[in-house]
Amino acid sequence: MPQIVFLPHAEQCPEGAVIEAQPGETIIAAAMRNGIEIEHACEMSCACTTCHVVVREGFTSLEASDELEDDMLDKAWGLEPESRLSCQAVVGEKDLTVEIPRYTINQVSERH
C-alpha cells in the first residue's frame, strides 16, 4: 500500500504526517480520511484551485493531468511544475511526498 508523506504545514499538519493511501483514491481523499483537512471549495469537482498541492516526490507516478485541471492550475497561487489539484491526482502504487502550499487564492471554503 503506498504512503503519502505530507510535509509540515502550519495549519493542516504542523508536524507533517505519513499516511497510508489506497491505490485509486485521490490525494485529498486519503488526506481527509486521515485527518488532514486540505482546503477545498468546489466539492472536489475540479472547479477551483483551493486544494492545490505540490508533489515533491513521486510526481511521475501519477496519471497526467487533463486539460481542465491544467486550466485550473494556471490560476493557482505558487504554481510549480509538480503542482496538482489534490482532488484530481489519483494515487497509484508509488509513495508520494506532498507539500500543501502556504496560501490559496480562493475566498471560500467548504468548512463552515
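From a predicted model like this one, the values you see are computed outputs, not experimental measurements.
Taking OG1 from T49 and CG from L85, the interatomic distance works out to 7.0 Å, rounded to the nearest 0.5 Å. Distance check: H9 NE2 to E99 CD gives 8.5 Å after rounding to the nearest 0.5 Å. Between R102 atom CZ and E11 atom CD the span is 9.5 Å, to the nearest 0.5 Å. Of the inter-residue distances, the one linking E67 atom CD with M72 atom CE reads 13.0 Å to the nearest 0.5 angstrom. Within the model, atoms CD1 of I19 and CZ of F6 stand 4.5 Å from one another, a figure rounded to the nearest 0.5 Å.
Side-chain contact check for L96 versus P2: every heavy-atom pair is 4.5 Å or farther apart.
Applying the side-chain hydrogen bond (donor to acceptor under 3.5 Å, both in side chains) test to D95 and every residue at least two apart in sequence or in another chain returns nothing. For V18, the side-chain contact (heavy atoms from CB on, under 4.5 Å) partners at least two apart in sequence or on another chain are Q3, V5. A search for side-chain contact (heavy atoms from CB on, under 4.5 Å) contacts involving S45 returns C42, A47, not counting sequence neighbours.
S65 contributes no side-chain N or O that, together with a main-chain N or O of D70, makes up a donor-acceptor pair within less than 3.5 Å. The main-chain N or O of I36 is never found under 3.5 Å from a side-chain atom of N34 such that the two would form a donor-acceptor pair.
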Taking distance alone, no hydrogens or angles, what donor-acceptor pairs closer than 3.5 Å link side-chain atoms of residues 20-30 to residues at least two apart or in another chain?
| residue | atom | partner | partner atom | Å |
| --- | --- | --- | --- | --- |
| E25 | OE1 | R33 | NE | 3.4 |
| E25 | OE2 | Q22 | N | 2.6 |
| E25 | OE2 | R33 | NH2 | 2.5 |
| T26 | OG1 | A29 | N | 3.2 |

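A single hydrophobic cluster is seen to contain both M32 and V91, as judged by linkage of ILVMFWY side chains at heavy-atom distances under 4.5 Å, directly or through other members. In terms of hydrophobic clustering, with Ile, Leu, Val, Met, Phe, Trp and Tyr side chains grouped at heavy-atom distances under 4.5 Å, M44 and I4 are assigned to a common cluster.
Taking every heavy atom of both residues into account, C87 and C46 meet most closely at SG-N, 3.8 Å. Of all the heavy atoms in S83 and L73, the pair that sits closest is O-CD1, 3.6 Å. When all heavy atoms of A89 and R84 are compared, the closest pair comes out as CA-NH2, 3.8 Å. When all heavy atoms of A31 and I38 are compared, the closest pair comes out as CB-CD1, 3.8 Å.
For residues 71-82, the side chain to side chain donor-acceptor pair (under 3.5 Å) pairs, not counting sequence neighbours, are R56-E80.
As a member of the Ile/Leu/Val/Met/Phe/Trp/Tyr network built from side-chain separations under 4.5 Å, V90 groups with nothing else and remains a singleton.
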